[in-house]
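For ligands, and for the atoms within them, numbers begin at 1 and follow the listed sequence.
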Amino acid sequence: MKSKRSFSLLFFMFLLVIVFVTFSIISVEARKSTNMRKKLRKRHKDDHGSNGHTRGSHAPCPAPLPNPIQENIFDVLSFGAKGNGVSDDSEALVAAWKGACVVAGATVRVPAQHKFLIKPVILQGPCMPDLTLQIDGTLLAPPDASSWPKSSLFQWINFKWVQNFTIKGSGTVDGQGYNWWSSSEFYYIQKSYSKQIPGMKPTAIRFYSSNIITVRDIKIINSPLCHLKFDNSKGIKVYNITISSPENSPNTDGIHLQNTHDVEIQRSNIGTGDDCVSVQTGCSNIHVHHINCGPGHGISLGGLGKDKSVACVTDIIIEDISMKNTLYGARIKTWQGGIGMVKNVTFSRIQVYDVMYPIMIDQYYCDKHVCKNQTGTVVIAGVKFDQISGTYAMQPIYLACSNSIPCTDVDLTDIQLRPSLKHQGLQQAVCWNSYGKSQGPLLPSSIDSCLRSGGGLIKRIARSHDRVCY
Ligand SMILES: *[C@@H]1O[C@H](CO)[C@@H](O)[C@H](O)[C@H]1NC(C)=O
Ligand SMILES: *[C@@H]1O[C@H](CO)[C@@H](O)[C@H](O)[C@H]1NC(C)=O
Ligand SMILES: *[C@@H]1O[C@H](CO)[C@@H](O)[C@H](O)[C@H]1NC(C)=O
Ligand SMILES: *[C@@H]1O[C@H](CO)[C@@H](O)[C@H](O)[C@H]1NC(C)=O
């Protein structure tokens, strides 16, 4: 009886021991894995922290990490920028860029309430995907044209070979172009008397050979020359930006595209001393919409074919645009003597207010008083002007196509243009060598007989010209 009871007591104690041992093993394991996670987190911090030290080699991170957002921010202030608008912060910006470039999903931060003086810089890729430049403060270009490094007169901030990249933020990129603008007047006067060649001027932001780029929300102001330029690039989105410089700033295009494909520019305000959007040679599949444009020279394709060059521009849609007090509205301009083709272009739903020349094709474009007459032209085929309405100050429609090869398939649909109070020019639509059709409500009524109809042979000749483009 006694031995039976002591046996069950022993058995009970044995069970207790087993339970205790199991529990301790589990808890030791748990503690081990917590330590491991802590270590990993620490290593990640050392790798990515924005402390300005050179980061070591990048071991692949084995576990998903908590709160990656803070750790992927590269603030220019942490890289030695002063942010006082006077000290040169270029090196800090480049260092922050280089740090962020090697981390996927990283952000270079230009913080609010600071001004950063930046000399001409190259921010180069390729970088890891999803890099962002967050501009909440202000980037200032050197204010003095004479001290600008002569080796980089082409642009101020140059993004090169960048992919899958975004610029955003509530900040401002200020090209401080005042000195440059007045110097161009000086050069212009010099040119007419002693043939001095005008000096080069820098574009504010240039993307060269870059793909899948978004630029949104920021302001770009007072560029010495063009404000935002893309060349040899593809897959561009521009959204909700503001570009401005004074009306009397020469050659300060808003957005300038060259050899660039698959572009959408939308919901932005652009007012400068030149074209709001300028589409140059080698561009295709460009969609520009919901833009407030003015002051400036409107939205234009060209000048194309300068010095007998080849120009190819295709598949362009410009729509839902408001233009106020611009020199031109919807415009295509080519130099005499060029080669190539402009085709499949639509200008649609364009509202104009006090625009000098709302609709223009000029195949005699010339930056001097007289240019030599030349045979050969960049051929223009398939251009629709649709729902263009509002007021003009000089002349409602001016289509001057080449003597060598006329424009074909030019369509004018639903055009309603009235002279503005400032009107002091022609009320007639003027068309030269333009084939196409007009329909819908047309005002002034002279539009109706402006275009020539037919021209089957000419169309075939025109079409043969896109061979140089493809
Ligand atoms: C970068 O690529 C990723 C994956 O393709 C995509 O989700 C992201 O939107 C891209 N980022 C930009 C800025 O285009
Ligand atoms: C447009 O940009 C401004 C200025 O950065 C910002 O405040 C606003 O939220 C943006 N709007 C949209 C719809 O993204
Ligand atoms: C004209 O261009 C538009 C916009 O890029 C495109 O969707 C359309 O297919 C083109 N039409 C022709 C006939 O190529
Ligand atoms: C060019 O041709 C036009 C029209 O044929 C003519 O009026 C003009 O005087 C010519 N210009 C020059 C510079 O030869």
Side-chain angles (χ1 to χ4, degrees), residues 107-115 132-139 166-174 204-205 213-221 227-228 230 233-244 254-255 257-271 277 279-293 299 301 311-322 330 332 340-350 379-387 407-411 413 435-437 459-460 462-467 469-470:
T107 294
V108 175
R109 181 157 69 194
V110 174
Q113 268 131 30
H114 293 272
K115 293 184 172 182
T132 299
L133 173 57
Q134 175 84 29
I135 304 174
D136 292 319
T138 301
L139 297 179
T166 299
I167 299 183
K168 62 189 174 81
S170 54
T172 301
V173 176
D174 183 349
I205 300 180
I213 305 298
T214 299
V215 178
R216 56 174 297 168
D217 305 338
I218 61 164
K219 281 194 185 63
I220 309 171
I221 62 172
H227 286 74
L228 176 59
F230 296 91
S233 296
K234 195 174 174 187
I236 309 300
K237 288 188 189 301
V238 176
Y239 174 74
N240 186 40
I241 68 167
T242 300
I243 292 180
S244 92
I255 302 177
L257 305 171
Q258 187 170 341
N259 288 322
T260 290
H261 311 277
D262 307 336
V263 177
E264 184 177 21
I265 299 171
Q266 58 162 317
R267 293 176 206 280
S268 294
N269 298 312
I270 306 174
V277 178
V279 179
Q280 298 291 332
T281 185
C283 288
S284 72
N285 193 23
I286 312 290
H287 188 194
V288 180
H289 62 104
H290 296 96
I291 302 291
N292 292 315
C293 166
I299 295 184
L301 275 50
C312 303
V313 174
T314 63
D315 303 342
I316 313 291
I317 298 177
I318 315 282
E319 60 188 358
D320 299 298
I321 310 287
S322 165
I332 302 175
M341 193 153 193
V342 174
K343 72 169 186 185
N344 188 21
V345 178
T346 300
F347 292 98
S348 181
R349 293 187 298 279
I350 296 183
V379 171
I380 297 180
V383 182
K384 291 188 176 60
F385 296 98
D386 174 41
Q387 299 172 69
C407 306
T408 55
D409 291 319
V410 176
D411 290 348
T413 313
Y435 288 79
K437 55 183 190 297
K459 274 188 207 174
R460 280 193 293 281
R463 294 215 182 285
S464 71
H465 271 253
D466 63 359
R467 243 177 277 142
C469 291
Y470 306 100

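Closest of all the heavy-atom pairs between D262 and K234 is OD2-CE, 3.2 Å. Between H289 and I321, the closest heavy-atom pair is CA-CD1, 4.2 Å.
The shortest contact between atom 8 (C) of ligand 3 and any protein heavy atom is with N344 ND2, 3.7 Å. In this structure, the protein non-hydrogen atom closest to atom 9 (O) of ligand 2 is N240 ND2, 4.8 Å. Considering only non-hydrogen protein atoms, atom 13 (C) of ligand 2 sits nearest to Y239 OH, 3.7 Å.
The shortest N/O to N/O separation between R216 and ligand 2 falls below 3.5 Å.
At a heavy-atom cutoff of 4.0 Å, ligand 3 is contacted by the side chain of I317 but not by its backbone.
Atom numbering of ligand 2 starts at 1 in the shown order; those under 4.0 Å from a heavy atom of D217 are 1 (C), 2 (O), 4 (C), 5 (O), 10 (C), 14 (O). Ligand 2 places these atoms under 4.0 Å from at least one heavy atom of G169: 5 (O). Per-residue contacts place S170 under 4.0 angstrom from the following atoms of ligand 2 (heavy atoms of the residue considered): 5 (O).
Looking at heavy atoms from C-beta onward, K384 lies out of side-chain contact with T413 at the 4.5 angstrom threshold.
Here the rule is side chain to side chain contact (heavy atoms under 4.5 Å, CB included) with V288, and of V238, V263, I318, I316 only I318 fits it.
No heavy atom of G171 sits closer than 4.0 Å to any atom of ligand 2.
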**Study point:** Step-by-step side chain to side chain contact (heavy atoms under 4.5 Å, CB included) determination, D411 to D386
**Key:** CA-CA 8 Å; D411 290 348; D386 174 41; over 6 Å; no

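Protein heavy atoms come within 4.0 Å of atom 5 (O) of ligand 2. Put simply, atom 11 (N) of ligand 2 has protein non-hydrogen atoms near it, under 4.0 Å away.
At distances below 3.5 Å, not a single donor-acceptor pair connects side-chain atoms of S464 with backbone N or O atoms of A462.
We find that D217 and K168 are not joined by a salt bridge, their nearest charged nitrogen and carboxylate oxygen being 4.0 Å or further apart.
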